[in-house]
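The shown structure was predicted, so the numbers you read here are calculated from the model rather than taken from an experiment.
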Amino acid sequence: MGRILCVAEKPSIAKAVAGHLSGGAIRNVRNTGNKYIKNYDFTYRFPRPWGECNVTMTSVVGHTISWDFADGFRKWKDCPPSALFEAATKQFVSPEHKDVAANISSEARNAQALYIWTDCDREGEYIGTEVMDLAKKTNPRIEVKRAKFSNIERAHILHAAQNPGELDECQASAVRARIELDLRIGAAFTRWQTMLLQTVRGLDEQVVSYGSCQFPTLGFVVDRYKKVKNFIPEPFWSIKVLHKRDNINVNFYWDRSSLYDRMAVMIMYERCLAAKFAKVVSVVKKPTSKWKPLPLTTVELQKQGSRFLGLSSQLVMTIAEKLYTQGFISYPRTETDQFDKGMDLQTLVGKQTQSPAWGQFAQDLMAGGFSQPKNGTHNDKAHPPIHPVVYVSPDKLNADERRVYEFVVRRFLACCSKDARGETTTVKLQYGEEGFHTSGLVVLERNYLEVYVYDKWSSSQELPVFTPGETFQPSEATMTEGKTSPPGFLTEPELIALMDANGIGTDATMAEHIAKIIERKYVFARPTGRGGGEFSPSNLGIALVEGYDNIGFDMSLSKPFLRKEMEEKMKKICEGSMTRLDVVNSSIEQYREMFVKASQCSDILKACAQRYLTQA
DNA sequence: GCAAGGTC
């Protein structure tokens, strides 16, 4: 009987796939040198030419191979930073992954074929090539196949095993290009600017790093800070009508909202007063609904975690990973906001019926309240939306874990529920020449709101009865003056939304980039009391952004365009319209020019840092 | 002493 080695990107996928392929009959579970990784032995009938085979299913834990500069370039004093644009690099098994690599190499030794089961995304394709290289070390002639799967439902996994494809070299090349560019550009600029700014007071010991993701992240914070600081309030005027009926004060809002011209508002206001009576033009009742949320993605978890739970995005992710490794929730790094049609959601709902807090709601869903979740527009083809896997009683979790778990569960139950339904009543008034309106809301069916306690939906205004055509003398009409107010500092959910929209980082790394610019002392996080906190740049952070902007580049280092361009080039490698070398060479040339310009204008950057860092 | 990307 032949032997086939299967390798997934992470232990959880190895376990799930082994379970499906073996039909539950795993012969042997072997420990490996790595405490997270198990080798699962079983038999499975693969398609021709292999047929019935002894199978070992195992995994890596993400990347196994590291990249660094070769000897003679690694230490900071080894070479001028500009040499890093073309310095020799080397790849090697990272020390903490020696046991992972050894397991692959030894398991591959007497296998006919290697099936790659890494995630079906770009990084997964590259990790697949790492696995292939490790296997070929001990078995150069091993045949390599790629299983293509987008979820871990049983039928889908069996189909993937029966219909293997090939590793996509283009996607792997794109990642290889990114790795090289991030390393060269990041290290060159980091060493250069750190050493340049070392002499500026207060920076002696500090690493002043540059990275294609951390700088745009910093840029977002500085941008907002400047908007706040440079904001000039503008006065505006408005007309407010208040009418008391049935002991309810009803505010009517001006259809024009407000105007910046005081005299004009004054004239309109006086015409209203002169008319004395207001007339009800229309009373319209309309059914309305508040939509239940979409299935939960990583970005959304981080944003809402910050907004509702008051936890930083990084802490939310750390907790979510822990909940995942304990088997409480599904994989927490996903872009997918649609549940696969075939997924058995009702069973997952059923597991939550034992909760004292939301069990009754889950039971009501089981008893007919269930409604298929809405589909969002994202699908990473690798992981389902984040959802609870089992019920966990609160005493098994600490306070923060409990809140994150609760959020995941409530969100999931909300997705499986129905939209909230209500009715709005809109009253329109004519008063003098001017139109006014108000509206009230009656919630008829709370539905998902019962369990999703984070959403509020209530009437801002309770309405007494108004009849079309009636006239009345308003209790009060006033001309009000206001001032436009500045935006707030950037909050964590806003920053994550900006990074997401501009392609800065991935769902798995955005929180790290934010933590990084705090660690580097480019920005400070201030607690707001409303959770999450808000960011403002340090003097160093402002100096870096301004310093480079003063030098003046075609594309700002602190804006997302450069990163976007790299992303575009990676796509071109994937489509085959550019090669890895095309991309690496052109990008290196681009950054080398910027580096030369920065070196020539280093006084500008230094002066800027001096100005900001030596002031009180 | 550098990056960003996986995963734990």
Side-chain angles (χ1 to χ4, degrees), chain A residues 8-14 34-37 59-69 73-79 81-85 87 89 94 96-97 99-100 118-119 121-131 171-172 174-198 203-217 298 317-326 331-334 380 382-383 499 503-517 519-520 557 562-563 566-567 570 587 591:
Chain A
E9 184 166 320
K10 46 188 163 269
S12 60
I13 298 287
N34 183 290
K35 65 173 171 176
Y36 300 109
I37 300 175
S59 79
V60 287
V61 273
H63 288 277
T64 308
I65 304 298
S66 292
W67 285 85
D68 204 347
F69 297 105
F73 299 98
R74 261 198 317 285
K75 295 208 188 77
W76 284 39
K77 296 276 149 61
D78 278 351
C79 64
S82 62
L84 299 176
F85 287 116
T89 58
S94 42
E96 69 271 28
H97 289 136
D99 44 15
V100 180
T118 49
D119 292 358
D121 52 26
R122 241 170 18 202
E123 291 294 329
E125 224 55 38
Y126 179 82
I127 292 169
T129 65
E130 291 185 7
V131 171
Q171 288 194 55
V175 172
R176 167 81 165 70
R178 179 200 52 75
I179 291 172
E180 180 171 349
L181 288 171
D182 282 337
L183 174 65
R184 292 188 186 282
I185 298 160
F189 274 92
T190 298
R191 289 185 193 181
W192 176 77
Q193 68 184 17
T194 300
M195 294 193 276
L196 176 76
L197 298 178
Q198 228 149 32
L203 291 180
D204 335 358
E205 292 298 311
Q206 211 168 315
V207 172
V208 186
S209 59
Y210 168 81
S212 58
C213 287
Q214 41 180 284
F215 252 51
T217 307
T298 307
M317 283 314 288
T318 308
I319 293 170
E321 275 152 25
K322 196 168 164 209
L323 294 172
Y324 157 70
T325 49
Q326 291 175 287
Y331 191 64
R333 288 186 279 268
T334 174
D380 62 20
H383 306 285
M499 295 173 76
I504 299 303
T506 68
D507 49 4
T509 59
M510 283 187 300
E512 289 172 33
H513 297 310
I514 296 172
K516 177 70 79 183
I517 61 173
E519 180 195 330
R520 294 280 187 244
L557 286 165
L562 279 165
R563 182 78 207 178
M566 195 189 292
E567 182 64 29
M570 283 172 74
S587 291
Y591 278 90

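In this structure, Phe189(A) and Tyr210(A) have tilted ring planes: the angle between them lies in the 30° to 60° band.
Ion pairing between Asp182(A) and Arg563(A) holds under the 4.0 Å rule for side-chain N and carboxylate O.
The six-membered or imidazole ring of Tyr331(A) lies near that of Tyr324(A), with a centre-to-centre distance under 6.0 Å.
Note on Gln326(A): nothing from the nucleic acid sits closer than 4.0 angstrom, heavy atoms only.
Distance check, rounded to the nearest 0.5 Å: CD1 of Ile37(A) to NZ of Lys10(A) gives 12.5 Å. Note: Gln171(A) CD to Tyr126(A) OH = 14.0 Å, rounded to the nearest 0.5 Å.
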Discussion item. Generate the contact string for nucleotides 2-8 of chain B. Rules: B means base contact, S means sugar-phosphate contact only, - means no protein heavy atom under 4.0 Å.
Written reply: BBBBBBB
